[in-house]
J.: 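Below: one structure in structure tokens.
Letters A, B, ... are given to chains in the order of the sequence lines, protein chains preceding strands, and every chain is numbered from 1.
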Amino acid sequence: MILALLWPLLVSLRNPLRMLMEHGALGRPGHRPELLDRVWASAPLPALALALWPGETALLMEGWLLGGQWHLDEARRPWLLFTSLLWIAAGVYARGYLIAEQQAAEAGDVDAFRRLLGLALLWPLTLTGNLLLILAEDIPSFYLGFTVMTFAAYGLVVHAGHHDAHLGGRAYLAMALFGEALILGGLLWSAGTADARTLSGLREGIAEAEQGMWMATLLWLGFGVKAGVAGLHVWLPLAHPVAPTPASAVLSGVMIKAGLIGWLSTLPLGVPHAGLEPLGRVVLGMGLAGALGATLLGIVQRHPKAVLAYSSVSQMGMITTLVGIGLLEPALWPALSVAVVLFAAHHGMTKGALFLGVGISEHPPRLPTWLLWSLLSLPALSLTGALASGLAAKWSMKSVLYDGGHGLLVTWLSLAAVGTTLLMARALWRQWCERGHHTIPWRAPMPLSWLFVVLGAAGVPLWLPLAGMGATWPPLAELPGLLWPTLVGLVLACLAVAGAATVRGKWRVKRRLLPGDLWWLYAALSRRGLAMLAKGSRNMESRASRLRARLVEKEERVVARLGDVTRYERGFRRLAVPLMIGVAVLLLVGFWLE
Amino acid sequence: MSQAWLPLATLATSLLVVPAIFALPERAWRARAVLNLSAALVKLALVALMVVGFYLGHSFEFGFTVVDGVRFLLKVDALGLTFAGLSSLLWLATTIYAIGYLEDSPNRKRFFGFFSLCIASTVGISLAGNLFTFLLFYELLTLSTYPLVVHRGHPRALAAGSLYLRYTLTGGLVLLLGVVALHALVGDIAFGDREVLADLGPDYHPLLFGLFLVMLLGLGVKAALVPLHGWLPRAMVAPAPVSALLHAVAVVKAGAFGIVRLVYDVYGIDLSFELGLLTVLTVVATITILYGSIRALAQEELKPRLAFSTVSQVSYIVLGISLFGPFGTIAGLVHLMHQGLMKVTLFYCAGNYAEELGIHRIDELDGAGRRMPLTSLAFTVGALGMIGLPPVAGFVSKWYLGLGAVQAGMPWVIAVLVTSSLLNAAYFLPILHRLWFRPGPEHGRGEWPEERHLGRLETSGWLLWPTAATALFSLLAGLLAGMPFSPLDLAAIMATGEYLR
């Protein structure tokens, strides 16, 4: 288990150390090693091996932070499995995707080398954080993993270094900090109240605490930033499109799930009488709002990765709904949690395949066009719930919800699936419009790893049982109920294409809404707030210095007055002799009188 | 078994160096360096000896009566030993750093002489066994720091020095007043005799409350509690090693240490709680934390920003003390050490940038991470620690502060902590962004204000290694907080063993 976490860390530190030893200092010109080599791509391998290793393991480390406890149990195994799979594939993909940059760096392009060095360092570091947060059972380790992942991923977002990347990075970092603050507050409050050191202790503590509602709300919101809850999602459409494609894939595929893992680890889901029903209703509402709203915003985006990012918001909205139900009806949770994990694994792999596919359509491998595009649309169809893993995930979700008597909710979710279909059509359409013509051999790392993810994504229900997670296929009779949203979506998409064709000639439609929607509002507000703080700070400064000046002035006046006293000195001197004689005389008179 | 010579010898090592340094000629820098370093090493060894002895249950005490009723007392307890250990460790690092920093600058003899005197006073403060001895060294510290602050001798330095004296001497006077009044009331109180004041009975409570406030005013000047912090940002004109020491162990920390002593060893935590003094401290600390962070936001130069960050961070210690309960106590004590490590790192880095590249303003830092990666890495560690992100030491402090707040029944303090973290992030992360993610002179944009090549590495080894070492310590103190002898472990021993029986 230690190896699983240590290996990525070592891989991350390898290049700087190597350079330090070779040149005595970083950044000096000299031999430039291949940065993204095979060892670099192998970073997640030990984690994969760990996920497939049979039996539960636990690791106790007294000296680590405030007492480390890492567990690998049945609940964590599926997460570890699909996370490490996607990281491996994305790593291999990145070696192909960044080959031009790599060659430029080896040829002596300093900027490219610097960017790659950053990626070589931060990519495995992000991975380490991601793995740690899955395995950690003690709260500080979990928080450490979450933080390392969050901050290291900033480097992945701004990798390209152009203006949009920095905008995306800023949005990412600002929202992440906001989330971290809420998480820290929630963790401290609940851990302090429950006197808990482990996540399971924390969950029990929140369920029993008097203010548990508010603690849970803080945590839900804090992790919600990462999970892209409606209103807190604004960084997703800004940050995901600007990152290099393999980084977008892990960002949208697995890192977004860190928020979900956060919920599952800290919220007392499935605990009866936890008293969190009001929060559950809010979660449910926000989940639906995200699931439906994001499709409306996503449909008008032009950049395929922005469309996919909005689709992630929508999909995470669906999962949020499930979490909301879990809070409302703890009795349903055991069945729901299976659906949530399956859904998460399905979405993680599928969204990873879709993002990697964007890079593939830009640099198409030499495959027949029909094969290429049907492979590209396979994960899209799967995401809508019509095929493969999507079908299984949707079925497990719906069956639980039907059993719980939430038929209405299923209808809403089906509407969201219609939206997903539209989004997928839009994304594929934009990919088609922006497709590249410079082909690459199909046996290069990029297409192969993409193929691997596409097939892996389609087969999630087949291999997830390896991690002890059962999945069932829907009976044939249920198929129409599961397929209609996709069909409706497809029909609507066709209508939309036809409609757009007729509309285009007649009047210009404002076709684009800026990605990031509410971000612009938040940014303006926070700019205003920061400016006010800075102004207040300057005011305080000037007021303090004025006060200081006045005190100094007063002091000088006192000193000056002391100087005045010395003027009397001469008078004293003149008085001294008469004074002494006078006193002596008085004394004498006194004695004489005595 | 009592061994009187050890604390005395520890004090004497740094004290005796002073005349020796003044006796050496100005140009004998090699002899001076050897003298300084060997004294620092000897002192570290002596402190280590005391630590071992203390764990074995020996007690170390040295005292004599000055006049009837007033005793000079050096005594070793866990708190004093920790502070002495921290100061001797950082002294060693800072001496190395200062030797490199002041290479070829005038008046080095004067500098190192007063530097040693300053450290001797810090050791005296940490080993002082009663208020009288504490006050003695406290004042000695004030006076020995002045020449260091005005070392450069230009008008700005002189102005800052006079402001420094105004604040600290007045503070010392007020403290003296409080100490004398307390002495008049109950006579000499050795640290640890908590029953003396507690036994006075409720009639005296208003008086004790007032006296505490008077002494708090006196100590608060050095601890830079708002609104008594005005001297600290101005004292930034001092050379980097001085600022580093000033902010990490010497002056500012002496004030905070005094407050710790006052609460735990003179009044006792129970009496302080009963008198409502802890609430006063909580409020003052909260205001200081937020005020310092907000002011730091507006600073455009590196060192003033760090200075205001100190204002804010030192009050974490006060905040921890003011939270009634073991976690609060642990948080305060552990932050006493953590803040020292992290802040000293940050100031070393600021000094490195200034020496190597001539950088003073934050907007000049663009791309410096490429030119000086190790320094920038150390700065990153320090800054992340200040924000309170794991795995750096600051996280442990913040975690325990939060738990302590809940334990003391004041969950609202968590909101203060979170706000402060956000503000810290708001003024540290832009610096990190400039360091690592912006192109600068190293990428062919503009040039450094005043570049020098001080060494084979990114800068002179004398400057680089202490920086790297303290950064590493800050990281390890957080990462391995659960290990024996980590700052957290020591603080937990102190808290459970001495103050909360």
J.: Checking an interface table here. Which of residues 477-484 of chain B come within a heavy-atom distance under 4.5 Å of chain A?
T.: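 Residues of residues 477-484 of chain B touching chain A at under 4.5 Å: B:Gly478, B:Leu479, B:Leu480, B:Ala481, B:Gly482, B:Met483.
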J.: Should the heavy atoms of other residues, nucleotides or ligands under 6.0 Å from CZ of B:Phe473 be counted, would the total exceed 12?
T.: no
J.: Determine the minimum heavy-atom distance between B:Val406 and A:Gly192, stating which atoms define it.
T.: CG1-C, 3.5 Å
J.: Hey, what do you get for CG (A:Leu184) to NZ (B:Lys398), rounding to the nearest 0.5 Å?
T.: 7.0 Å
J.: Out of A:Glu62, A:His166, A:Glu555, A:Lys535, which one racks up the most heavy-atom pairs below 4.5 Å with chain B?
T.: A:Glu555
J.: Which pairs with one or both residues in residues 167-196 of chain A pass ring-ring contact (aromatic ring centres under 6.0 Å, His included), sequence neighbours excluded?
T.: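 Those involving residues 167-196 of chain A are A:Tyr172-A:Trp235.
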J.: When rounded to the nearest 0.5 angstrom, what distance separates CG in B:Leu432 from CZ in A:Phe151?
T.: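 It comes to 9.5 Å.
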J.: What part of B:Ile414 lies closer than 4.5 angstrom to a heavy atom of chain A: side chain, backbone, both or neither?
T.: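 For B:Ile414, the contact with chain A is made by the side chain alone.
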J.: Identify, with sequence neighbours excluded, every residue that meets side chain to side chain contact (heavy atoms under 4.5 Å, CB included) alongside B:Ala425.
T.: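 Partners of B:Ala425 by the side chain to side chain contact (heavy atoms under 4.5 Å, CB included) criterion, ordered by chain and then number, come out as A:Leu177, B:Ile387, B:Leu429.
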J.: Name the region of B:Tyr167, side chain, backbone, both or neither, that has any atom closer than 4.5 Å to a heavy atom of chain A.
T.: side chain
J.: Looking at B:Ala415, B:Pro227, B:Pro391, which one has more heavy-atom pairs under 4.5 Å with chain A than the rest?
T.: B:Pro391
J.: Examine whether an atom of A:Thr147 lies under 4.5 Å from a heavy atom of chain B, and if so say whether it belongs to the side chain, the backbone or both; otherwise answer neither.
T.: side chain
J.: Who among A:Gly67, A:Gly185, A:Gly118 has the most heavy-atom pairs with chain B under 4.5 Å?
T.: A:Gly185
J.: Please check if the number of heavy atoms outside A:Arg14 that lie under 6.0 Å from its CZ is greater than 12.
T.: yes
J.: Once rounded to the nearest 0.5 Å, what's the spacing between atom CG of B:Leu488 and atom CG of A:Leu66?
T.: 6.5 Å
J.: Where do B:Leu403 and A:Ala191 come nearest, in terms of heavy atoms and distance?
T.: CD2-C, 3.9 Å
J.: Examine whether an atom of B:Leu384 lies under 4.5 Å from a heavy atom of chain A, and if so say whether it belongs to the side chain, the backbone or both; otherwise answer neither.
T.: neither
J.: To the closest 0.5 Å, what do you measure between CZ (B:Arg295) and CG (A:Leu533)?
T.: 12.5 Å
J.: Can you name the ring-ring contact (aromatic ring centres under 6.0 Å, His included) partners of B:Tyr316, sequence neighbours left out?
T.: B:His335
J.: For the residue pair A:Asp195 and B:Gln407, establish whether any side-chain heavy-atom pair is separated by less than 4.5 Å.
T.: no
J.: Measuring heavy-atom distances to chain B, does A:Leu173 have an atom under 4.5 Å in its side chain, in its backbone, in both, or in neither?
T.: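 Just its side chain gets close to chain B.
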J.: Going from CD1 on A:Ile139 to CH2 on B:Trp399, what distance comes out if it is rounded to the nearest 0.5 angstrom?
T.: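 Taking CD1 in A:Ile139 and CH2 in B:Trp399, the distance rounds to 5.0 Å.
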J.: Report the distance from atom CD of A:Glu180 to atom CG of B:Leu389, rounding to the nearest 0.5 Å.
T.: 6.5 Å
J.: Of all heavy-atom pairs between A:Arg114 and B:Trp436, which one has the smallest distance, and what is that distance?
T.: NH1-O, 4.0 Å
J.: Around B:Trp448, counting heavy atoms of other residues, nucleotides and ligands shown, do more than 12 lie under 6.0 Å from its CH2?
T.: yes
